Amino acid sequence: MGNKKKVSIIAETSTPASMKTKAYEKELRRLHVELVKLQRWVVAKGLKVCIVFEGRDGAGKGGTIKAITERVSPRVFRVVALPAPTEREKSQLYLQRYIRHLPAAGEIVIFDRSWYNRAGVERVMGFCTEEQVEKFLDGTPLVERSMVESGIILLKYWLEVTPKEQERRLRDRIDDGRKIWKLSPMDIKSFNLWDEYTQARDAMFAATDTAWAPWFVARSEDKKRVRLNIISHLLSHIPYKDLPMEPVKLPKRKIGKIKPVDYPFRFIPELF
């Protein structure tokens, strides 16, 4: 079953200089406009889009997802980031807790880690048996084929980061009070398991990189570049058009007919 084949290790190549913030913001603004056009098209045509983000800790999945969703409606672009399974969920069919979150018509669902936890974190950390992993790798291509045949547009992204950059980002989380919440005990435990994660990644690609649901790899050394590259890529893989809009004009307001109530409002302190 599946599409098992030999996978070569992703080669490290030199990366261009870090992208300037001004250039990044200009291009991101343009892409945000396109995402809004895509959003309107998905709703109008009842499309079902599922986007999966996977990668090592610190690869940049969360920041990329935030860049995608910060200017669109959360009712259309829905982010799914599931916690550890409950005891009840552990007794269910493995994919059951994920299937319930798949998109309906007019929705784009983004998985911040997905059912591929079984092929990565669970396998490396020993949370499942090798037999369970093999069954997962055998069955997942068939499940994804069913998803695609049902009309779901499925995009799977792997964010690839180097050991040096990953370590820099994880250390930054320790030193930055805004990011410390991102550093979980699991990140610490898996820090010295780079080779094991590489082996698990390659096995996952070999089994699940199929013609109907291929893996797309994005180098994430430069966070700005990877965000722009992924948004551009997903826009090119979801056919959409710019739907015409009726011109919008605000009506003339009539203010002053009602006298404000003299109420002791509790204004917050104006510290700034």
Side-chain angles (χ1 to χ4, degrees), residues 10 12-32 35 51-74 77-85 109-114 116-117 120-125 127 156-198 200-201 216-234 268-272:
I10 298 172
E12 291 185 17
T13 59
S14 59
T15 55
S18 180
M19 190 174 192
K20 300 296 184 183
T21 299
K22 187 174 181 179
Y24 166 72
E25 291 178 347
K26 179 180 179 181
E27 187 60 22
L28 184 61
R29 181 183 179 88
R30 184 188 70 80
L31 291 174
H32 279 159
L35 285 170
I51 305 173
V52 169
F53 280 98
E54 292 290 342
R56 304 175 195 265
D57 299 322
K61 298 179 294 296
T64 300
I65 292 171
K66 183 178 179 180
I68 293 170
T69 59
E70 63 181 339
R71 295 293 180 176
V72 290
S73 170
F77 282 75
R78 185 159 51 85
V79 178
V80 177
L82 299 183
V109 173
I110 300 175
F111 281 91
D112 184 354
R113 293 200 184 275
S114 65
Y116 282 102
N117 267 347
V121 174
E122 291 189 15
R123 183 177 203 174
V124 174
M125 302 305 296
F127 296 154
K156 302 187 303 189
Y157 291 106
W158 174 271
L159 274 64
E160 184 67 12
V161 66
T162 62
K164 182 179 179 181
E165 179 61 17
Q166 183 201 42
E167 181 172 347
R168 188 197 68 76
R169 293 177 185 179
L170 293 180
R171 291 190 184 281
D172 184 52
R173 292 179 181 181
I174 296 174
D175 299 331
D176 191 334
R178 301 168 300 171
K179 301 177 182 179
I180 189 64
W181 65 272
K182 293 183 178 182
L183 196 65
S184 69
M186 195 66 60
D187 296 337
I188 305 302
K189 290 180 181 179
S190 64
F191 183 69
N192 281 324
L193 297 173
W194 179 273
D195 290 340
E196 289 81 357
Y197 271 99
T198 296
R201 178 204 65 191
F216 297 106
V217 178
R219 299 188 188 278
S220 64
E221 292 301 283
D222 186 326
K223 293 181 179 180
K224 298 185 181 73
R225 293 184 191 277
V226 74
R227 293 167 188 172
L228 299 180
N229 288 335
I230 286 179
I231 295 174
S232 298
H233 185 273
L234 74 85
I268 66 170
E270 296 183 347
L271 303 178
F272 306 97

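Keep in mind it's a predicted model, so treat the numbers as computed, not measured.
Legend: residues meeting side chain to side chain contact (heavy atoms under 4.5 Å, CB included) with Asp112, ordered by chain and number and at least two apart, are Lys61, Ile65, Ala81.
For Trp194 against Thr162, the heavy-atom pair with the smallest separation is CH2-C, 3.6 Å. Closest approach of Val52 and Ser114 over heavy atoms only: CG1-OG, 3.3 Å. Of all the heavy atoms in Ala67 and Tyr24, the pair that sits closest is CB-OH, 4.3 Å. Between Met19 and Asp222, the shortest heavy-atom distance links the atoms N-OD2, 2.8 Å. Heavy-atom minimum distance, Tyr197 versus Val124: CE1-CG1, 3.6 Å. Smallest separation of non-hydrogen atoms from Arg56 and Thr198: NH2-OG1, 2.6 Å.
Contact check for Lys223 versus Arg227: side-chain heavy atoms found under the 4.5 Å cut-off. The closest side-chain heavy-atom distance from Leu193 to Met125 is below 4.5 Å. Residues Thr69 and Pro74 have side chains not in contact (no heavy-atom distance under 4.5 Å, counting atoms from C-beta outward).
Residue Leu228 holds its CG atom at 9.0 Å from CZ of Arg30, rounded to the nearest 0.5 Å. With rounding to the nearest 0.5 angstrom, the CZ atom of Phe216 is 11.5 Å from the CD1 atom of Ile230. Distance check: Leu183 CG to Asp172 CG gives 10.5 Å after rounding to the nearest 0.5 Å. Atom-to-atom distance recorded for Ser18:OG and Arg225:CZ is 7.0 Å, nearest 0.5 angstrom. Taking CG of Leu28 as the reference point, atom NE2 of His32 lies at 3.5 Å (rounded to 0.5 Å). Glu25 CD to Lys20 NZ: the interatomic distance, rounded to the nearest 0.5 Å, is 13.5 Å.
Side-chain atoms of Ser220 come within 3.5 Å of backbone N or O of Ala59 as a donor-acceptor pair.
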>> If you apply the rule side-chain contact (heavy atoms from CB on, under 4.5 Å), what do you find for Leu234 with Tyr157, and how did you get there?
In response: CA-CA 10 Å; Leu234 74 85; Tyr157 291 106; 3.4 Å; yes

>> Determine whether Asp57 and Arg113 satisfy the following criterion, salt bridge (Lys or Arg N to Asp or Glu O under 4.0 Å), listing intermediate values before the conclusion.
In response: CA-CA 11 Å; Asp57 299 322; Arg113 293 200 184 275; 3.0 Å; yes

> Could you go step by step and tell me if Ile68 and Val79 meet the side-chain contact (heavy atoms from CB on, under 4.5 Å) rule?
Replying inline: CA-CA 10 Å; Ile68 293 170; Val79 178; over 6 Å; no

>> For Arg169 and Glu165: C-alpha separation, side-chain torsions, deciding distance, then whether salt bridge (Lys or Arg N to Asp or Glu O under 4.0 Å) applies.
In response: CA-CA 6 Å; Arg169 293 177 185 179; Glu165 179 61 17; 2.7 Å; yes

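One finds a salt bridge joining Glu167 and Arg171 here, because a Lys/Arg side-chain nitrogen approaches an Asp/Glu carboxylate oxygen to under 4.0 Å.
Crowding of Arg71 atom CZ: a count of heavy atoms from other residues, nucleotides or ligands under 6.0 Å not exceeding 12.
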